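Inspection log for the structure reproduced underneath, given as structure tokens.
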2 protein chains.
Amino acid sequence: MSEIERGRGVALWSQISGILASDILKGQLRQGEQLPSAQELAMRFNVNRHTVRRAIAALEQRNLVRTEQGRGTFVQEQTLDYVISRRTRFTQNMRNLNVDADIRVLEEAHELPPPPVARALGLDRNEYVYRVETLDRADGHIIDYSTSYFPAARFPDLPALYRRLLSVTRTLAEFGVADYERKHTRVSARLPDATTARVMQQQTSRPLLYVESINADTRGVPVQYGITRFSGDWVQLVLMADH
Amino acid sequence: MSEIERGRGVALWSQISGILASDILKGQLRQGEQLPSAQELAMRFNVNRHTVRRAIAALEQRNLVRTEQGRGTFVQEQTLDYVISRRTRFTQNMRNLNVDADIRVLEEAHELPPPPVARALGLDRNEYVYRVETLDRADGHIIDYSTSYFPAARFPDLPALYRRLLSVTRTLAEFGVADYERKHTRVSARLPDATTARVMQQQTSRPLLYVESINADTRGVPVQYGITRFSGDWVQLVLMADH
DNA sequence: TAGTATTTGTCCGTATGTATT
DNA sequence: TAATACATACGGACAAATACT
């Protein structure tokens, strides 16, 4: 266990706050879990209850914990509410969430689609697709790792454009697809395989929300088939019926 | 590892088939996972390759595995597509899926709601609710473990009725709630806690789809708040926009 | 329904260390 | 050096909400 040092220029409450914060961020204190009472922490760190309270107040400020009078202090569930509706737009979603999003393209490929992908996009097995893999972050946390397939014939040289615009909506708009909507969405809970866990920098024991979706243009022709693996620890899907 | 016995009146292929089936159903062979090749299995069980093929054919018949020529044999993904829309009805869903559903009431209680539940139902903290816990099976598999809360004042003696009708729709209908719809749905991926894992008879390492929802009557007044824990291995949510 | 223990929230005051003027 | 202001740390008392019996 980490110890605190007096008279070293760092306030005790700040040291305690740091220790608890790191426990939370490293996942040693899990989401929703109750922290020891202020009294207990005071004994453990050999300080006054008020000092512990000061430390906890700082954590509350950072939205890492939530205190409930009479109950205790709990590790705040860091759920990023990702809204899924017929007209879901990732970039728009992130903007609404008021977080600073960071989209990174991991890989691009021009290839023949695996059978399920060909089926989803309504393509023949010998019609090429572009595959684009991206890693999306919000506030520094990895939110999702996504694999998208686009019909190559209809959207020539799409990856270059996407890499520049970093938005599916705007990329498709450049090709004249002014609007598209979710035709199909499947959600399941899975554990990541070794590769996915590595890419997402998370343990293989932490679950993912595995979302499979098809976007189609206004005439119902599929323009994108994608698999998005959301971090189960950070993301919660909110389903909206839209009208 | 289980061994097979010759000359005991049970055909070798049937024994092998049984062993593999139990491995799959117990989750030791995971969904989508590739089985050892027929050759390897033949060596392991000390039988001819044809006997193994006969065993695998039986599994394919039961839709537990799928063989792909030139690739191998894989554990069939047993995804039960659970449709979520604004007007989701569990019983109706099961009927559509054409499986034989089995609903069991595990527990009923008349109690004061935890704060989040009170908030969700728009109740005061001193207004009682009924809590009903059910375990739902389809084709013998545990599909979900669900906890529902209903305002007790509005629906006196609801659990008795529910226990008899085993359908939220019909139970609410008895109270004059002819129609209700999903006001809110949140989906996340979680690992089960010890209690949940025990109830659902699954390992704590297998993820759950954790669905939180509020149903409201036609005037928008909440009539049910529920948490449904779907087995991630067996259930896939299909989101539908309804018009 | 009532009573008790636990936990957080708020208020009082006191002492000490640190930075500024 | 002295005076001042401010943040830190501690101690105690009580209120409010909650949990449990």
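Since the structure is predicted, the reported quantities are computational estimates derived from the model, not experimental observations. Proteins come first, then strands; the chains are lettered A, B, ... in the order of their sequence lines, and each starts at number 1.
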Atom-to-atom span, [atom1] of [X] to [atom2] of [N] - whole angstrom:
{"X": "Glu111(B)", "N": "dT1(C)", "atom1": "CD", "atom2": "C1'", "value": "17 Å"}
{"X": "Leu35(A)", "N": "dT8(C)", "atom1": "CG", "atom2": "C1'", "value": "13 Å"}
{"X": "Leu12(A)", "N": "dT8(D)", "atom1": "CG", "atom2": "P", "value": "10 Å"}
{"X": "Glu60(A)", "N": "dT7(C)", "atom1": "CD", "atom2": "C1'", "value": "14 Å"}
{"X": "Leu112(B)", "N": "dT1(C)", "atom1": "CG", "atom2": "P", "value": "10 Å"}
{"X": "Glu5(A)", "N": "dT8(D)", "atom1": "CD", "atom2": "P", "value": "18 Å"}

Q: Look at Glu133(B) together with Arg131(B) and state whether they make a salt bridge at an N to O cut-off of under 4.0 Å.
A: yes

Has [X] got a side-chain N or O lying under 4.0 Å from the OP1 or OP2 atom of [N]?
{"X": "Arg6(A)", "N": "dC10(D)", "result": "yes"}
{"X": "Thr67(A)", "N": "dT7(C)", "result": "no"}
{"X": "Asn48(A)", "N": "dA9(D)", "result": "no"}
{"X": "Thr73(A)", "N": "dT7(C)", "result": "no"}
{"X": "Arg71(A)", "N": "dA19(D)", "result": "yes"}

Q: Could you walk me through whether Tyr82(B) and Phe230(B) pass the ring-ring contact (aromatic ring centres under 6.0 Å, His included) test, one step at a time?
A: CA-CA 10 Å; Tyr82(B) 190 92; Phe230(B) 288 102; 4.7 Å; yes

Q. Which atoms form the tightest heavy-atom contact between Pro192(B) and Arg206(B), and what is the distance?
A. CD-O, 3.2 Å

Q: Measure the spacing between CG of Leu161(B) and OG1 of Thr171(B) and express it to the nearest 0.5 Å.
A: 5.0 Å

Q: Could you work out which one of dA16(D), dT7(C), dC10(D) sits closest to the side chain of Gln69(A)?
A: dA16(D)

Q | Tyr145(A): which of Asp136(A), Leu208(A), Thr196(A), Thr134(A) passes side-chain contact (heavy atoms from CB on, under 4.5 Å) | A | Thr196(A)

Q) What parts of residues 49-58 of chain A reach DNA chain D, counting only heavy atoms under 4.0 Å away? A) Arg49(A), His50(A), Thr51(A), Arg54(A)

Q.
Counting the atoms with a prime plus P, OP1 and OP2 as sugar-phosphate, which does Arg66(A) contact under 4.0 Å by heavy atoms, base, sugar-phosphate, or nothing?
A. nothing

Q) Is there a donor-acceptor contact under 3.5 Å from the side chain of Gln34(A) to the main chain of Arg71(A)? A) yes

